[in-house]
Amino acid sequence: MPSPIDTAVPLREFQFTTADFDKVRKLIHQQAGISLSAAKQDMVYSRLSRRLRACGDKTFADYLGRLERDKAEAETFINSLTTNLTSFFREAHHFDILAERLKQAGERQPIKIWCAAASTGEEPYSIAMTACEAFNTLTPPVQIIASDIDTHVLAQGQAGVYRADRVERMDPARVRRFFLKGVGSQAEQVRVRPELQRLVSFRKLNLLDARYSISGPLDYIFCRNVMIYFDKPTQYAILQRFSPLLKPEGWLFAGHSESFLHAADLFRSRGRTVYERSDAPRDRP
C-alpha cells in the first residue's frame, strides 16, 4: 500500500506526488525566496505541466531532474511560478506621496529610484509619469531602475507596449501625454512614449542574489506586493540589503498588505505602507 506522502492525484495528465510538490517548494524557495503554501499545489501543477509538455518529459520527476542540468529551463521554471499582478498607478496614494516629495526635492538632483519588482513595467512607468508631472517636463531629473527576476515580463516592460484596455481607467489627458495609440492592426494597443522609456532602465535581478547590480545611494525604493511571497527571515535579509542602499532621508514603499514590524531595527513606518530607515532623524517632514 503506497504511503500517503507519495500518493499521486488521479485523473491528471502527469503524475504529481506530494514528494514532487515538496521538491518544487524547496527549489523555488532556494532560487527565488518564494514560500509556497500547501494550498498552491494545484497552481504549481497547472503552471509546470505546460513545461513538461514543452520539454517532452513524461513525469515531474523527469522534469525536476532536468532542472539540475539545464540552466535555461531553470530560469523558465522560476518565470513559470512567479506571480505578476500589476497595473498602472496601482495603490495610487503612493504616487501622490511621491509627487509631493519630488516637488519638494529642489536642488537634490538627480533623483534615483529603484522599482524592485517591476513585472511588465506598469509600476516603473507610473513612477516615470509621476516624475514628469511633478517637474512638468518629459525630461525630469530622475533615474529609474526597474528590476525583476522574471525575464519574460522584463522584456514586455522594456518594449513598453500594452493592450489599450490597460490604460482605460487612466485620466485621458494622461494617456494622451504619455502614450502613443496604435493604428491599423495595432489599433488595440498603446505604446509608452520614447521620452518615458528613456527614464527607465530594465534589468534582471533576484532579490536573493549575493550581490545586487544596484548601487546607492537611492532616494526611493518601491518593493510592493512581493515581500508577501517570502517568509519572515527572507524578508528581513532583503531589508538588510535595502537599508544601506537608501539615503538617510530615503523612503521605502511597500504593498498594502505588507508590514515590517519584525524589522523595526531596520525600518520604521511613516504610515500608509511607507517606511524610512530606523536611523533617520525623527524631526524630518
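Not measured: the values here are computed from a predicted model.
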| request: Could you walk me through whether Met43 and Leu36 pass side-chain contact (heavy atoms from CB on, under 4.5 Å), step by step? | output: CA-CA 10 Å; Met43 180 274 284; Leu36 290 174; 4.1 Å; yes
| What do the steps show when you test Glu133 against Arg177 for salt bridge (charged side-chain N to carboxylate O under 4.0 Å, His left out), and what is the final call? | CA-CA 10 Å; Glu133 291 171 348; Arg177 184 177 185 185; 5.1 Å; no
| query | Can you name the nearest heavy-atom pair linking Val175 to Val167, along with the distance? | reply | CG2-O, 3.8 Å
| query | Under 4.5 Å between side-chain heavy atoms, hopping through other hydrophobics if needed: is there a path connecting Val161 to Val200? | reply | no
| query | Do Leu27 and Ile34 belong to the same hydrophobic cluster, where Ile, Leu, Val, Met, Phe, Trp and Tyr are linked whenever their side-chain heavy atoms lie under 4.5 Å apart, directly or via other members? | reply | yes
| Side-chain donor/acceptor of Glu258 to backbone N/O of Asn225, under 3.5 Å | yes
| query | Within 45° of the axis and under 6.0 Å from the centre of the six-membered ring of Phe179, does NZ or CZ of Arg166 qualify? | reply | no
| remark: In terms of heavy-atom contacts, Ala32 and Leu208 come closest through C-CD1, 3.3 Å
| message | I'd like to know whether Asn79 forms a side chain to side chain donor-acceptor pair (under 3.5 Å) with Thr151, so could you lay out the CA-CA distance, the side-chain angles of the two residues, the decisive distance to 0.1 Å, and finally the verdict. | response | CA-CA 7 Å; Asn79 291 350; Thr151 52; 3.0 Å; yes
| said: Looking at Arg69, I want to see if its CZ is surrounded by more than 12 non-hydrogen atoms of other residues, nucleotides or ligands under 6.0 Å. | reply: yes
| remark: In short, Leu64 meets Asp20 closest at the heavy-atom pair CD1-O, 4.0 Å
| task | Please answer: with hydrophobic residues joined when any side-chain heavy atoms are less than 4.5 Å apart, are Met129 and Ile97 in the same cluster? | result | yes
| Has the side chain of Asn206 got a donor or acceptor atom that lies under 3.5 Å from a matching backbone atom of Gln31? | yes
| request: Return yes if some donor-acceptor pair links the side-chain N/O of Arg66 with the main-chain N/O of Cys55 below 3.5 Å, else return no. | output: yes
| query | For the side chain of Arg268 and the backbone of Ala280, is there at least one donor-acceptor N/O pair under 3.5 Å apart? | reply | yes
| task | Applying ring-ring contact (aromatic ring centres under 6.0 Å, His included) between Tyr275 and each of Phe242, Tyr220, Phe267, Phe260, report the one that passes. | result | Phe260
| Co-membership, hydrophobic cluster, residues Ile228 and Leu207, 4.5 Å side-chain | yes
| query | Between the main-chain N or O of Ser215 and the side-chain N or O of Lys112, is there a donor-acceptor pair closer than 3.5 Å? | reply | yes
| note | Closest non-hydrogen atoms of Pro110 and Gln143, given as atom of the first, atom of the second and distance, are CG-NE2, 3.8 Å
| note | Shortest non-hydrogen pair, Ser35 vs Asp231, comes out as OG-N, 3.4 Å
| request: Take His29 and Thr234 through the side-chain contact (heavy atoms from CB on, under 4.5 Å) test and state the conclusion after the steps. | output: CA-CA 9 Å; His29 187 269; Thr234 303; 3.8 Å; yes
| message | Can you tell me how the ring of Phe88 sits relative to the ring of Tyr162, calling it parallel under 30°, perpendicular over 60° and tilted otherwise? | response | perpendicular
| field | side-chain contact (heavy atoms from CB on, under 4.5 Å) assessment of Phe178 paired with Met170 | value | CA-CA 11 Å; Phe178 296 115; Met170 202 180 297; over 6 Å; no
| request: Assign the ring pair Tyr45 / Phe16 to parallel, tilted or perpendicular, where the plane angle (0 to 90°) is split at 30° and 60°. | output: tilted
| note | Value for CZ (Arg241) from CZ (Arg211), rounded to nearest 0.5 Å, stands at 10.0 Å
| task | Report whether Met227 and Val153 are members of the same hydrophobic cluster (ILVMFWY, side-chain heavy atoms less than 4.5 Å apart, transitive linking). | result | no
| said: Nearest 0.5 angstrom please: Ile214 CD1 to Trp114 CH2, how far? | reply: 5.0 Å
| request: Evaluate the ring planes of His262 and Tyr236, with Trp represented by its six-membered ring, and classify them as parallel (under 30°), tilted (30 to 60°) or perpendicular (over 60°). | output: tilted
| Which distance, rounded to the nearest 0.5 Å, do you find between the SG of Cys115 and the CD1 of Ile144? | 8.5 Å
| request: For the pair Glu188 and Arg163, find out whether any cationic side-chain nitrogen is under 4.0 Å from an anionic carboxylate oxygen. | output: no
| query | Would you say Gln197's side chain and Ala159's backbone share a donor-acceptor pair under 3.5 angstrom? | reply | yes
| Between Tyr63 and Arg51, is there a cation-pi geometry (under 6.0 Å to ring centre, at most 45° from the normal)? | no
| message | Strictly distance-based, threshold 3.5 Å: is any side-chain N or O of Ser278 a donor or acceptor partner for the main-chain N or O of Asp265? | response | yes
| From CZ (Phe95) to CD1 (Ile127), nearest 0.5 Å | 5.5 Å
| message | With a 3.5 Å distance limit and no angle check, can you tell me whether Arg272 reaches the backbone of His93 through a side-chain donor-acceptor pair? | response | no
| field | Ile78 and Asp150: CA distance, side-chain angles, deciding distance, side-chain contact (heavy atoms from CB on, under 4.5 Å) verdict | value | CA-CA 7 Å; Ile78 293 174; Asp150 188 330; over 6 Å; no
| message | Please find the pair of heavy atoms, one from Thr86 and one from Ser119, that lie closest to each other, and give the distance. | response | CG2-OG, 3.7 Å
| query | Are the side chain of His94 and the backbone N or O of Gly255 linked by a donor-acceptor pair below 3.5 Å? | reply | no
| message | Between Ser49 and Ser46 (side chain of the first, backbone of the second, donor and acceptor by atom type, cut-off under 3.5 Å), is there such a pair? | response | yes
